[in-house]
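Down below is the structure, laid out as structure tokens.
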Amino acid sequence: MMDFDASLLVRENIRNMKPYSTAREEFSGEAAVFLDANENAFGSPLPAAFNRYPDPYQLELKKKIGSIKGLPAQNIFLGNGSDEAIDLLFRIFCEPGKDNAIIFPPTYGMYEVSAATNDVLLKEIALTNMFQIDLETLESAIDDRTKLIFICSPNNPTGNSIDRESVLMILNNFNGIVVVDEAYINYSRQRSFIAELTEYPNLVLLQTFSKAWGLAALRLGMAFASQVIIDYFNKVKYPYNIGLATQQLALQALDQVSTINEWTRQTVEQREWLAAELQRTPFTKTVFPSDANFLLIRIDQAHELWHYLVVKGIIVRDRSRVSLCEDCLRITIGTMNENQQLLEAIKSFYA
Ligand code: PMP
């Protein structure tokens, strides 16, 4: 990857466009009177400076995230969920109707939705029955219009991590952008690819506040990449994509690392407990190994069981009609009490 230049992969219109320039970029600093952004000078009905536009680049928040992740702020993009980063990747790199991207189904659904929204052809290379990447088929699918490869690891809905060697093989050989979606990395036995960012200028990592951080409603996702790529994210994003409330609340949440770590530890403990309990029952065919905060299980009469659980007020995800997930349910790990209720309900279905 010595002479990789991300700019050469960027759509020409994006490379050449002039980004919107905010009032706060044209003047940033101390002043007594700000009359440059058509804000309401009288104040805000809320007890904070909500009448003023927020920092378009969320620097304070990025610095705090960066200190936890060991990354400088210029290697971080923040979006309205990682879903925003996924969409921006298509908009930055893929020429509608011409370029293509690759995914490995069964996987997270938004790659497909964003590709379709942006009129980008998506090549689907099914995971093997061990839920790993078929590197030979991948190699034959890549062409000179392939801009993005999405690797979800740990993968949703299968729960497993993609073999590290496969990811490295792709990073080393693919002359496009390799997106590794680490939404569930906190629950994984595998380590993050963060340490590989400096070595691979074609790597984009996605993480989120929606899972281990317990902030799905805040809508805050992260992309980590080379500064060249982050600068393109900043060029294309809406100027004030992260509101002040989100920035302030995320800063507060970041002070609670130890609580988050404890919840993560308990989730993993519960996952192993539930996996073992489910495995013990005769109606479970397979509990797939999970590095995430959910289990994929293959079980007799999956769809009927799903329906029975709904009637009992317990909602899991029916994946029984997804290719390679036939007869499977995806179960998010709950609290100990919730997991016990679930297990009892499943047992009563078969009793
Ligand atoms: N990636 C994966 C693999 C996910 O499962 C999800 C959410 N289910 C996301 C990304 C999106 O997360 P966010 O809430 O940050 O948009």
Between L249 and F209, is there a side-chain heavy-atom distance shorter than 4.5 Å? no
Please determine which of D291, N261, T264 meets the side-chain contact (heavy atoms from CB on, under 4.5 Å) test together with N186. T264
I want to check something: taking the side chain as every heavy atom from C-beta on, are C94 and L148 in contact at a cut-off of under 4.5 Å? yes
Using the rule that two of Ile, Leu, Val, Met, Phe, Trp, Tyr join whenever any of their side-chain heavy atoms come within less than 4.5 Å, decide whether F233 and Y57 are in one cluster. no
For the backbone of P96 and the side chain of R11, can you confirm whether one donor and one acceptor N or O come within less than 3.5 Å of each other? no
Begin with the C-alpha distance, continue with both residues' side-chain angles, and end with the deciding distance and a verdict on side-chain hydrogen bond (donor to acceptor under 3.5 Å, both in side chains) for N339 and Q270. CA-CA 8 Å; N339 301 331; Q270 284 296 306; 2.8 Å; yes
Connected via hydrophobic side-chain network under 4.5 Å: I125 and L171: yes
Decide yes or no on side-chain hydrogen bond (donor to acceptor under 3.5 Å, both in side chains) for D134 and T128, but give the supporting numbers first. CA-CA 6 Å; D134 174 351; T128 65; over 6 Å; no
Are the charged groups of K312 and E344 less than 4.0 angstrom apart, N to O? no
Where at least one partner belongs to residues 234-256, residue pairs that pass ring pair (Phe, Tyr, Trp, His ring centres under 6.0 Å), sequence neighbours excluded: Y53-Y240
Which of N80, I242, T246 passes side-chain contact (heavy atoms from CB on, under 4.5 Å) with L218? Answer is T246
Intermediate values then yes/no, side-chain hydrogen bond (donor to acceptor under 3.5 Å, both in side chains), N155 and T107: CA-CA 6 Å; N155 186 42; T107 192; 2.8 Å; yes
Check whether any side-chain heavy atom of C325 lies under 4.5 Å from a side-chain heavy atom of L296, and answer yes or no. yes
If I take atom CG from residue N202 and atom CG from residue D5, how far apart are they, to the nearest 0.5 angstrom? 12.0 Å
Quick check against the 3.5 Å criterion: does K62 have a side-chain atom that pairs as donor or acceptor with the backbone of I76? yes
Same apolar cluster: L343 and L305, side chain cutoff 4.5 Å: yes
Is the count of non-hydrogen atoms from other residues, nucleotides or ligands lying under 6.0 Å from N38 atom CG greater than 12? no
Would you call L342 and V316 a side-chain contact if the rule is heavy atoms closer than 4.5 Å? yes
Can you tell me if M336 has over 12 outside heavy atoms packed within less than 6.0 Å of its CE? no
Would you call L254 and W213 a side-chain contact if the rule is heavy atoms closer than 4.5 Å? yes
Do we see a donor-acceptor contact under 3.5 Å between the side chains of Q266 and E262? yes
Quick one: which of T146, N100, D99 gives a side-chain contact (heavy atoms from CB on, under 4.5 Å) with L121? N100
Could you tell me if the side chain of L135 sits less than 4.5 Å from the side chain of L138, heavy atoms only? yes
Could you give the distance from CD (Q247) to CG (L244), rounded to the nearest 0.5 Å? 6.5 Å
Would the F90 and F150 ring centres measure less than 6.0 Å apart? yes
Sidechain N-carboxylate O distance under 4.0 Å for D300, K285: yes
Are L59 and L220 connected in the hydrophobic side-chain network, where two residues link if heavy atoms are under 4.5 Å apart? no
Run through Q207, K211, Q190 and flag the one making a side-chain contact (heavy atoms from CB on, under 4.5 Å) with E182. Q207
Using side-chain heavy atoms (C-beta onward) and a distance below 4.5 Å, is N51 in contact with F42? no
Is there a donor-acceptor pair under 3.5 Å between the side chain of R24 and the backbone N or O of D55? no
More than 12 non-hydrogen atoms from neighbouring residues, nucleotides or ligands closer than 6.0 Å to CE on M169, yes or no? no
Joint cluster assignment, L251 & I68, ILVMFWY side-chain distance < 4.5 Å: yes
Does Y200 form a side-chain contact (heavy atoms from CB on, under 4.5 Å) with F193? I'd like the steps, not just the answer. CA-CA 10 Å; Y200 294 101; F193 274 88; over 6 Å; no
Any side-chain donor near an acceptor of the partner, S320 and D318, under 3.5 Å: yes
Would you confirm whether N160, through its side chain, and P289, through its main-chain N or O, come within 3.5 Å as a donor-acceptor pair? no
Treating T284 as the side-chain partner and T286 as the backbone partner, does any N or O pair qualify as donor plus acceptor under 3.5 Å? no
To the nearest 0.5 Å, what is the distance between CG on D231 and OG on S226? 8.5 Å
Can a donor-acceptor pair be found between the side chains of R52 and N40 at a distance below 3.5 Å? no
If you count the non-hydrogen atoms of other residues, nucleotides and ligands that lie under 6.0 Å from CZ in R317, is the total more than 12? no
Can you tell whether the side chains of E84 and R91 come within less than 4.0 Å, N to carboxylate O? no
Tell me, with the steps shown, if D87 and N118 meet side-chain hydrogen bond (donor to acceptor under 3.5 Å, both in side chains). CA-CA 8 Å; D87 188 57; N118 290 289; 3.0 Å; yes
Between CZ of R219 and CG of N241, what distance do you get to the nearest 0.5 Å? 12.5 Å
Going by the angle between their ring planes, with limits at 30° and 60°, are Y111 and Y108 parallel, tilted or perpendicular? perpendicular
Does E326 offer a backbone N or O that forms a donor-acceptor pair with the side chain of R298 under 3.5 Å? yes
For residues D327 and Q301, is any side-chain donor paired with an opposing acceptor at under 3.5 Å? no
Kindly indicate whether a cation-pi arrangement holds for R15 with Y232, taking the cut-offs as under 6.0 Å to the six-membered ring centre and within 45° of the axis. no
Look at K63 together with E60 and state whether they make a salt bridge at an N to O cut-off of under 4.0 Å. no
What is the ring orientation for F294 with Y184, classed by angle as parallel under 30°, tilted 30 to 60°, or perpendicular over 60°? perpendicular
Does the S348 side chain pair with the main chain of A345, one donor and one acceptor, at a distance under 3.5 Å? yes
Can you find a heavy atom in the side chain of I103 that is under 4.5 Å from one in the side chain of L122? yes
Looking at N75 and L71, would you say the former's side chain and the latter's main chain have a donor-acceptor pair under 3.5 Å? no
Rounded to the nearest 0.5 Å, what's the gap from OG on S28 to CD on E26? Could you check? 11.0 Å
Heavy-atom donor-acceptor pair, S82 side chain to A85 backbone, under 3.5 Å: no
When you look at CH2 of W273, are more than 12 heavy atoms from neighbouring residues, nucleotides or ligands closer to it than 6.0 Å? yes
Counting only N and O atoms by type, is there a donor-acceptor contact under 3.5 Å from the side chain of R330 to the main-chain atoms of L295? no
Taken to the nearest 0.5 Å, the spacing of F77 CZ from L89 CG works out to 9.0 Å
More than 12 heavy atoms of other residues, nucleotides or ligands under 6.0 Å from CD of E39: yes or no? yes
Answer yes or no: is there an ion pair linking E272 with R189, defined by an N-O contact shorter than 4.0 Å? yes
